[in-house]
Structures are given as C-alpha cells and as structure tokens.
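Heads up, the thing below is written out as structure tokens.
The structure presented is a predicted model; accordingly, all values stated were derived computationally and were not measured. In what follows, every chain begins at residue 1, and chains take the letters A, B, ... in the order their sequences are listed. Note: hydrogens, waters and symmetry copies are ignored here, and every other heavy atom, side chains too, is used.
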Protein chains: 2
Amino acid sequence: MVRGKVEMKRIENSTSRQVTFSKRRNCLTKKAYELSVLCDAEVAFIIFSHKGTLFEFASSNMQKIIKRYREHARETTMVNNSTELEHNVENLKYETANMVKKIEILEVSKRKLMGQGLGSCSMDELQDIDSRLERSLKIIRARKTQLFKDEIERLKAKERLLLQQNASLREKCGLRPMLLQPAPAPAPVPAPPQTPPAQVKERENCSRSTESVEVETELVIGLPQMRCS
Amino acid sequence: MVRGKVEMKRIENSTSRQVTFSKRRNCLTKKAYELSVLCDAEVAFIIFSHKGTLFEFASSNMQKIIKRYREHARETTMVNNSTELEHNVENLKYETANMVKKIEILEVSKRKLMGQGLGSCSMDELQDIDSRLERSLKIIRARKTQLFKDEIERLKAKERLLLQQNASLREKCGLRPMLLQPAPAPAPVPAPPQTPPAQVKERENCSRSTESVEVETELVIGLPQMRCS
DNA sequence: GCCTATTCATAATT
DNA sequence: AATTATGAATAGGC
C-alpha cells in the first residue's frame, strides 16, 4: 500500500493493528454506505474486533437484513435455523390449540358423566348419559362380581389344598383320616339391590355370571375427532 | 471520484449502476477480507442487490457470526428475536407435555367411568367408581325429574291461561260460562323403576322432589394437578 | 488526530 | 472486458 506494500497477514504490532483496524473499518463503512446509496442495494456488515468489540453497519435495519438473508439462505440450502424454529413454534401452537380443545371436550364430557354441568343438557342428552352410566355400572358390577368370584375360587382351591395336605399328614402320622366334610355347596352370590342408595357401605355383586366385560361401549358423544387423537 | 466526482445518490442509469455495483462490491469484499486478516477481526457482510440477488462475505462462518452478533445484541438491548423464539419453543414444549399428561389422565378416568379399561382397578377403586356413577345417576335423574316437572308446570300454566281466555270469550259472546272442570289433581309422578334395563325407552322420573342439583361431586381421583389446569 | 507519500479504487471510455 | 485518469484510502511518521 504505502511506503512499502503491507504484507497480507495479521499485523503483529498491537498498536498499529488497532490503528489500522479503526481506519480501515471507517473506510469500509463508508464504502458500504456508498454502495448502498449509489446502487440502491441493501448492505449490512458485522465486525468483531480482535478483542470482541462489535461494530455493525446496516443500510436499513440489521434484523430485517439478517431475516431476509436467512429466508434467502433457506430457499437455497434449507439449512436454516431461525425459520425452522419459527416453523416449530407454529406447529406447537397448532397442537397446543388442538389439545386445549380436546381437554375442554373431555372435561365437559367427564363432568356430565359425574353429574355436573347438566344445565345445558337436553332431555335426550340426559337420557343418553343416564343409559351410559347404567351400562357403566353394569360393567363395573360385573367386574366386581368377577373379582369376588375369583377370590372365592382362590380360597376354595386353597381350602382343597389344605384339606389334602391335612389328610396326607394324618396318614403319615398313622392317624385315621378325618371325615372330610363336604365342601359347602356353592352359595349363590346374592343378587344386587336395585339402585342402592349411594351411602350404602357394603357393596353387592351382580349375580349374573361373568358376562364378558368387553361390552361395546365406544364413546360417541364428546370424543374429539382431532388429528392428535 | 474519477473524472468529475460522483454525486452521492442512486445511479439512475441501470447499466452503469449494475457495473458500479459489481466493481464496488468486489472492492468491498477485498477490503473486508483485508481487514479480517490484517487486524485479526471477524467480518461478515450481506448485500442484496437492487434486484434482490444475495451476495455475502464472511471471514469465518456467516451463521456463527450472526449468532455471535445476536448474542451480543441481546446482552446489550435484550431485543433479541431468535433466543426469544427458542424460549417460546421451550415454554410451548413444556405446556404440550403437560397437556399430553392431562389428556391421558382424563381419558383413563373417563374410560373408567364408561366401564372400560377396568383390568387394572382394585376392588377399592371399582367401589369408588361405582359410588361415583351412582351419585351421577342420582343427580341426572333428579335433573330429569326437574325438567319433567318444569314441563308439567308449563303445561298447567298454559292450561289455566287457555281456560281463562275461554271463559272471557264465552262471556263476551254472552254465553253462560262453562262449568270449569276442576284441574285434575296433581298426580304424583310415578316413582322410577330401580336400575331399569339400558334398553328401556321411556324414562322414569325420580319422585323425590327437586332436591338441589348442586350436590357435592368434586373429582378427587384422576383430576390432574397441573399448572395449566 | 493530522500529514504525506504511495498505492488503490473506480468512472468513464474504448 | 481492458484501459486510463484521477480521487480515495491508507501506512507510517508526528
């Protein structure tokens, strides 16, 4: 350049490096400005000094130019970050909104099943909920019955086992086998009282046998039809 | 600059503008590069031509420099965009996860109320659902009764009104007032059959009077305790 | 910061 | 795209 061309490498003298940085930076800014004005272009630059100080220039608005840059870059390389994030946000917002709706529907539907928020229900709807609850109760009582029966079965099996053990033990000890009392005849489980008051403590069993619990109970009212369902 | 200084304003001649753009752009790039080498600085610029073509230069990596720029800008002005977006994403993800949990809980709880998915229920839990359903049925039937009674009341009021109108019309026509048949004594609503089969079409009324529908029915099991509840 | 010698950038022209 | 004339940029000294 002047008085002996400057080698194109880092200036080692710290002072002269700083001076050169300052001068050239100003010139660069000026040139960038001129380019933007003369040629009607959008120009922005970012400079970090060796020490980390930020210098910037933008013919209009830095954020706007960077955004435009990213959009441009995305079109070309699709290795964009910010717009991908934005996209992500959009997706999440969409899913969030859907889930909010879903929750509302579920809550309303549950509240109705719990006998709350019935003010807006027509008689038909009440009727529908009524029979749903009825069916639910039936299923639940069948299940309870099943559990009871299972337990009884288990106990009986255990009883038989113990009696057998007992018998063989007696035999080993040379004792006369005790007269096996016949197992009590399987007492029919008492039929459940109809619509028993809620305060009842002792619960009744459905005497009808283990009808398959797989009753058709698909929900029709209130189930959201959303994509995330 | 040369041969008659150039006015600092947009070059109107399109061709010469483009030429100048190209030349100056190259020089700017060269200068930027020199600055980055000589002064050990990080330099990047973005140029959009008048027509929208992108030209860029970065002494290292453009994304990295922009990121560094944004971090720097955030520290100073807190008018950051990308990080705010990221923050947003975090929040949304958090809320989404919470809602997913909430939906799961609601669905399980609803399914149980509908008598489905009972396999994992203990007897205690079945008992609990049973009494909940019982209470729900009670509330719903009370509500149905209320609706029936309201309707009956409405009909009776209408009847009275019509009878009155009838009487006054007869009077106007000079006719002898018809002997008003006494309104039929309010027939007690028939008591509801107990646990009617689900197929029953005609629905019964709870004969117990309009007991407040505001029964305490708060949900304890299954209600999510989340912040977005 | 300012000065100055030199090199560079570049508008106009070909 | 190459040339050229000239103003601009700038390294180094103060």
Review point. Between atom CD in B/Gln18 and atom P in D/dA1, what is the gap in whole Å?
Key: 13 Å
Exercise for review: Using a 4.0 Å heavy-atom cut-off across all strands, classify B/Ser16 as base, sugar-phosphate, or nothing.
Suggested key: nothing
Check your understanding: Going by heavy atoms in the side chains, are B/Ile47 and B/Phe21 under 4.5 Å from each other?
Key -> yes
Study note, to complete from the structure: Rounded to whole Å, CG of B/Asn26 lies from P of C/dA9 at a distance of 11 Å
Check your understanding: B/Tyr33 has an atom OH; how far is it from atom P of C/dC8, in whole Å?
Key -> 15 Å
**Study point:** Under the side chain to side chain contact (heavy atoms under 4.5 Å, CB included) test, residues paired with A/Ser14 that sit two or more places apart
**Key:** A/Arg17, A/Gln18
Check your understanding: In whole angstroms, how far is the P atom of D/dA9 from the CG atom of B/Leu28?
Key -> 12 Å
Check your understanding: Closer than 4.0 Å, any side-chain N/O of A/Lys30 to the OP1 or OP2 of D/dA9?
Key -> yes
Review point. Atom CZ of B/Arg10 and atom C1' of C/dA11: how far apart are they, to the nearest Å?
Key: 18 Å
Review point. Does B/Lys23 make a side-chain N or O approach to OP1 or OP2 of C/dA9 shorter than 4.0 Å?
Key: no
**Study point:** Rounded distance in Å - CG (B/Leu35) to P (D/dT10)
**Key:** 9 Å
Review point. Taking atom types as modelled and ignoring hydrogens, do the side chains of A/Gln146 and A/Asp150 form a donor-acceptor contact shorter than 3.5 angstrom?
Key: yes
Practice item. Tell me whether the OP1 or OP2 atom of D/dT10 has a side-chain N or O from A/Arg24 closer than 4.0 Å. Key: yes
Study note, to complete from the structure: Rounded to whole Å, the CZ-P distance (B/Arg17 to C/dT10) equals 17 Å
Point to revise | Euclidean distance, atom CG of residue A/Asn13 to atom P of D/dA11 [Å, nearest integer] | key: 13 Å
Practice item. Taking the side chain as every heavy atom from C-beta outward, state whether A/His72 and B/Ile46 have any pair of such atoms under 4.5 Å apart. Key: no
